[in-house]
Colleague: 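One structure, pasted below without further comment.
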Number of protein chains: 2
Amino acid sequence: MPDRRQPGQRAGLSHAAVLAAARQLLAERGLEALSMRALAARLGVSPNALYSHIESKTGLVDDLLDDTLAAVKAPDPDVEDPLEGLHALMASTYEVLLVHAELVPAYLARQGARGPNARRLGEVMLALLQRAGVTGPDAREALHVLIVHTIGAAAFATRSPLTPDIPSRATEEDHRAEFDRGLQWLLTGINAFARHEERLPSR
Amino acid sequence: MPDRRQPGQRAGLSHAAVLAAARQLLAERGLEALSMRALAARLGVSPNALYSHIESKTGLVDDLLDDTLAAVKAPDPDVEDPLEGLHALMASTYEVLLVHAELVPAYLARQGARGPNARRLGEVMLALLQRAGVTGPDAREALHVLIVHTIGAAAFATRSPLTPDIPSRATEEDHRAEFDRGLQWLLTGINAFARHEERLPSR
DNA sequence: ACCTGAACACCGTTCAAGT
DNA sequence: ACCTGAACACCGTTCAAGT
């Protein structure tokens, strides 16, 4: 996408245009290659021009992170078995993270996304946990633990450019099985404790 | 520690001296401040002099990472209840990570340490898992899931310099409780599945 | 409001040369 | 073997100025 403007003509950037170009650059050359200067070059502007549309590089990455979560399929909190719903939600998150594997190191560094999409998924998770008998402080704990497991498993499954030297014979299926297994362990444990507390309501 | 050499005199660096200075810099000013140039300045040498003693910055951080794990208290694999032993080992790892909180982002980026200390802890974990009835591929899965949970929980508990803008009312005790709870959930789930498979040996 | 040129204050790493 | 000077090829961000 070369720059076809005459000298002096406006570039006509926008927040959305910068984000789209960043995603393209990310997909083609990875997180390492996503620099303000490379992004500006791709858009045909000088590096500092980007600061008319984004606050900082960190802000840009945060927006990219939350945007990615828009693709996660959240189950209807009402109709399904809540534990199966949780499994499906986390599995969809895991899959979306793997599709955008170049972003996983950024998720780690930022400890997850924190935009509107992340908030929406968090609310669905809390609703499902409540229906599974996990309430109060336990729910927040379970939420965090499930998120940590999902992002962590995605990071393990990702040959990140930060760690090109780690040998591994594991296939994508192995990693997926490992993620599912861990998720099952967690949900089993969460459920066992929730049912135990039902019998001891005053404790 | 100012540099007290006459011009032309050798600096007398070593791998160990570079590592020690790096740890000091890290403790005083955090991971962001750990640059080759700042490290060289502290040691009174030019930046490129460091490359006579370390392979790269990544290698230096890896050595730092594994060194830190030397402080983890591994239980004797034979004497204890294996599930309690696993809990104790992961808890000790969590505590050591929090003491060196500046390193946690590096653990995330490198997906854990991979030196001799990490290997030693991994072997103890596998032995304990085996005694808890988790063997074969399940054991590797459980190992990874437990490590992901521990490093992830430590990252959540760490106000990293990478994410200074995230507000949180949670105290250190809250995070510790969350880590312990998640660990209990995991071990409960792992144990439940292991006992289930005992009854179905051919499946 | 949007963009440029120039600069500030940095990075990790390599290479030829000196002792 | 160990270290220096100089350089290469980069970073994110700010500031004054132009349209």
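Note on naming: letters A, B, ... go to the chains in the order of the sequence lines (proteins, then strands), and numbering restarts at 1 for each one.
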Colleague: From C-beta outward on B/Ala49, which listed nucleotide comes closest to its side chain: C/dG12, D/dT4, C/dC3?
Modeller: D/dT4

Colleague: Going by side-chain hydrogen bond (donor to acceptor under 3.5 Å, both in side chains), name the pairs with one or both residues in residues 68-82 of chain A, residues two or more places apart or in two chains.
Modeller: A/Arg23-A/Thr68

Colleague: Is a side-chain donor or acceptor of A/Arg131 paired with a backbone partner of A/Pro77 at a separation under 3.5 angstrom?
Modeller: yes

Colleague: Mind calculating the distance between NZ (B/Lys57) and P (C/dC10) to the nearest angstrom?
Modeller: 14 Å

Colleague: Using atom CD of A/Glu55 as one end and atom C1' of D/dT14 as the other, report the distance to the nearest whole Å.
Modeller: 14 Å

Colleague: If pairing requires Watson-Crick or G-U wobble contacts with both distances under 3.5 Å, which nucleotide is the partner of D/dA1?
Modeller: C/dT19

Colleague: Take the protein atom NE2 of B/His15 and the nucleotide atom C1' of D/dC2, then report the distance between them rounded to whole Å.
Modeller: 17 Å

Colleague: Tell me the interatomic distance from A/Leu43, atom CG, to C/dT4, atom C1', rounded to whole angstroms.
Modeller: 15 Å

Colleague: Between atom CE in B/Met36 and atom C1' in C/dT14, what is the gap in whole Å?
Modeller: 15 Å

Colleague: For atom CZ of A/Arg140, is the number of surrounding heavy atoms from other residues, nucleotides or ligands below 6.0 Å larger than 12?
Modeller: no

Colleague: If you check every side-chain atom of A/Leu13, which of C/dC3, D/dT13, C/dT13 has the closest atom?
Modeller: C/dC3

Colleague: Give none if D/dA6 has no partner; otherwise give the nucleotide forming a Watson-Crick or G-U wobble pair with it, both distances under 3.5 Å.
Modeller: C/dT14

Colleague: Starting from the 5' end of DNA chain D, give me the residue, B/Ser14 or B/Arg37, whose nearest nucleotide shows up first.
Modeller: B/Ser14

Colleague: Under 4.0 Å between any heavy atoms, over every strand shown, what does B/Ser35 touch: base, sugar-phosphate, or nothing? Just pick one.
Modeller: sugar-phosphate

Colleague: Taking the P atom of each, how far is C/dC10 from D/dA9, in whole Å?
Modeller: 23 Å

Colleague: According to a strict under-4.0 Å criterion, is B/Ser46 in side-chain N/O contact with OP1 or OP2 of D/dT4?
Modeller: yes

Colleague: For A/Glu28, does the CD atom have more than 12 heavy-atom neighbours from other residues, nucleotides or ligands under 6.0 Å away?
Modeller: yes

Colleague: Give the rounded distance in Å between these two atoms: OH of B/Tyr51 and C1' of C/dC15.
Modeller: 14 Å

Colleague: Select one nucleotide: of C/dC3, D/dC3, C/dT13, the one nearest the side-chain heavy atoms of A/Ser52.
Modeller: C/dC3

Colleague: Is the phosphate of C/dC3 approached by A/His53 (side-chain N or O, under 4.0 Å from OP1 or OP2)?
Modeller: yes

Colleague: For B/Glu32 and C/dG12, what is the distance between atoms CD and P respectively, to the nearest whole Å?
Modeller: 13 Å

Colleague: Measure CG/B/Leu31 against C1'/C/dC11 and give the value in whole Å, please.
Modeller: 14 Å

Colleague: I'd like to know if the side chain of A/Gln111 reaches the main chain of B/Ala155, judged simply by a donor and an acceptor atom lying under 3.5 Å from each other, with no hydrogens or angles considered.
Modeller: yes

